[in-house]
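Encoded as structure tokens, the structure appears first; notes follow it.
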Protein chains: 2
Amino acid sequence: MIAHKIVPNISVDCVVFGFDFEKLNVLLVERELKDEKSGEVIIRDHTLAGYHIFEDEDLDSAAGRILKGLTGLDNIFLEQFGAFGQLDRVSSPRDKRWLDYINKGFADRIVTVGYLALIDNTKVTLRLKERNVSWFPVSMVKEMDLAFDHKYLFYEALEALQRKVKVEPIAFELLPDYFTLSQLQKVYEAVLGTSFDKRNFRKKVAQMHYVIALKKKQQGVAHKPAQYYLFSREVYEKTRKGRISFII
Amino acid sequence: MIAHKIVPNISVDCVVFGFDFEKLNVLLVERELKDEKSGEVIIRDHTLAGYHIFEDEDLDSAAGRILKGLTGLDNIFLEQFGAFGQLDRVSSPRDKRWLDYINKGFADRIVTVGYLALIDNTKVTLRLKERNVSWFPVSMVKEMDLAFDHKYLFYEALEALQRKVKVEPIAFELLPDYFTLSQLQKVYEAVLGTSFDKRNFRKKVAQMHYVIALKKKQQGVAHKPAQYYLFSREVYEKTRKGRISFII
DNA sequence: TAACTAGGTGTATTAAGTACACCAACTAAG
DNA sequence: CTTAGTTGGTGTACTTAATACACCTAGTTA
């Protein structure tokens with residue numbers, strides 16, 4: 001492993017969303033600081049997944065590297081949702097204390113680039129517990145105190161997700177390759193915090209020619225088995241409507 | 001004037017759009033480098049409006065400061081459209097030469113935060129020529145070589161503008177406080193690069209209750225005088241529809 | 001074999017998008 | 001003072017999408 005040189009004042013934070021067929025979850029890293037002498041825990045709270053960038057990597061690569069480290073996955077959906085450089089980003093006494101202990105060499109003034117990541121829960125669940133990383137329901141995160149300004153970044157990411165999901169086919173990133181229409185509906189409901197009428201929802205999906213029915217059906221479920229569908233990016237790219245209308 | 005300490009590896013670039021009732025324009029700064037001995041011009045091309053951030057200012061403040069310097073205006077519409085940290089951002093020989101001469105103290109690896117700015121042309125036109133700054137039609141910029149990766153940033157900003165204008169009432173930022181419906185239509189057409197049917201456009205505007213007819217009319221024009229309208233952000237905020245439908 | 005569960009379907013109404021043509025009000029030129 | 005030129009302003013018919021709403025189906029489990 002090559003030792004990479006860190007850029008001290010630029011970092012990347014990832015807000016990683018996952019869907020467990022019930023609700024939307026966020027990946028948080030537990031931060032724990034023990035007193036050197038007594039061993040007593042001084043700080044225990046949560047942060048987003050983030051780290052400084054290296055001198056020799058792009059921003060996107062840095063985000064990819066961080067996610068790979070936490071989830072073991074490559075090719076995760078990743079998109080910037082903003083850059084954050086408030087002077088008071090690291091303001092609370094506990095954050096300062098943390099930096100005093102841990103981050104000694106790093107600058108006080110850090111600009112962080114926020115990345116929204118969407119992952120298919122069924123592909124992970126793996127190496128999360130080795131590290132102190134776990135899923136938290138979005139509803140719970142809203143009640144938690146996160147380190148630094150990460151609560152703010154979380155909200156910004158959530159809003160970006162809600163904005164984008166209405167306009168781009170990114171909900172599929174939260175589902176496995178094959179999914180049922182009920183699962184698709186639940187993702188939209190979980191992300192947007194609403195509920196849709198089943199028949200109207202399916203009517204809408206029927207217009208999306210890039211959501212394609214498979215021959216497979218569910219098996220071993222205690223009800224009428226549902227049909228599986230897949231999302232074809234290829235068809236999407238070809239048939240996307242160049243709507244030039246505006247809706248404000 | 002206080003001397004501010006510069007953050008060497010973080011900068012802000014502004015893509016400033018303006019509308020002259022005909023077409024969309026972008027503000028570019030002429031970059032000129034003369035040979036120290038001969039006085040011969042070695043480099044002459046254009047860049048976006050940008051500069052490094054100061055240690056003691058936020059990103060938004062930095063962007064605001066840069067715009068204030070170029071246009072004299074405060075309270076300009078400003079929004080991030082991305083952060084750019086490619087390793088090869090500064091790649092061409094002329095860019096390297098430029099940095100050798102001018103930017104001696106600065107880092108090679110610079111992350112820049114891109115800001116989209118929209119301004120009402122009628123309020124500027126002022127102090128632009130004192131500095132080597134001027135408006136270029138978007139169509140012309142597409143044909144120009146800009147310094148660094150600024151051509152790329154320009155396209156990213158243009159796309160962000162086109163995306164946002166369809167969904168948020170930002171077209172008004174490009175118009176004076178009072179405007180006619182034809183002017184409003186022309187902004188949309190200039191930004192999106194299309195044309196709309198006049199009657200359908202006006203039908204749509206009629207649904208926007210935050211576009212309010214004034215009693216004033218145009219004067220001294222060689223045709224039927226048009227009515228003036230204004231955009232009320234207040235009404236917009238109150239009446240914006242919480243559409244939870246998705247259109248993909 | 002009955003109870004349970006989620007899957008799957010159609011119709012009527014309303015709202016919005018689209019295509020399309022003519023008269024009105026003002027100035028400028030003759 | 002009349003005409004030409006220019007942009008402003010309006011309405012209708014048709015098509016498409018959004019919404020509201022209720023019942024039968026195909027499996028598993030008790």
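Residue numbers start from 1 in every chain, and the chains themselves are labelled A, B, ... in the order their sequence lines are given, proteins ahead of strands. Since we're looking at a predicted model, the values are computed, not measured.
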Inset, instruction - Check step by step if side chain to side chain donor-acceptor pair (under 3.5 Å) holds for B/Asp60 and B/Tyr115. - result: CA-CA 9 Å; B/Asp60 289 2; B/Tyr115 276 83; 2.4 Å; yes
Inset, instruction - Taking only the side-chain nitrogens and oxygens of B/Lys198, find out if one of them lies under 4.0 Å from OP1 or OP2 of D/dG9. - result: no
Inset, instruction - May I ask you to evaluate whether A/Ser182 reaches the phosphate of C/dA6, defined as a side-chain N or O under 4.0 Å from OP1 or OP2? - result: no
Inset, instruction - For the pair B/Asp177 and B/Lys123, find out whether any cationic side-chain nitrogen is under 4.0 Å from an anionic carboxylate oxygen. - result: yes
Inset, instruction - Taking only Lys NZ, Arg NE, NH1 and NH2, and the carboxylate oxygens of Asp or Glu, determine whether B/Lys68 and B/Asp74 approach each other closer than 4.0 Å. - result: yes
Legend entry - Net bend of the helix from C/dT1-D/dA30 to C/dG30-D/dC1, end axes of five pairs each, nearest 10 degrees: 0°
Legend entry - Candidates D/dG8, C/dG8, C/dA21 - which lies nearest the side chain of A/Ala226: C/dG8
Legend entry - Side-chain N,O (B/Lys203) to OP1/OP2 (C/dA16) below 4.0 Å: no
Inset, instruction - State whether A/Arg202 places a side-chain N or O below 4.0 Å from either non-bridging phosphate oxygen (OP1 or OP2) of C/dG8. - result: yes
Inset, instruction - Examine C/dC26: is either OP1 or OP2 under 4.0 Å from a nitrogen or oxygen in the side chain of B/Gln219? Give yes or no. - result: no
Legend entry - Electrostatic pair A/Glu173-A/Arg233, nearest N-O below 4.0 angstrom: yes
Legend entry - Polar side-chain contact A/Lys224-D/dT28 base: donor and acceptor under 3.5 Å: no
Legend entry - Toward the 5' end of DNA chain C, by each residue's nearest nucleotide, A/Thr180 or B/Val221: A/Thr180
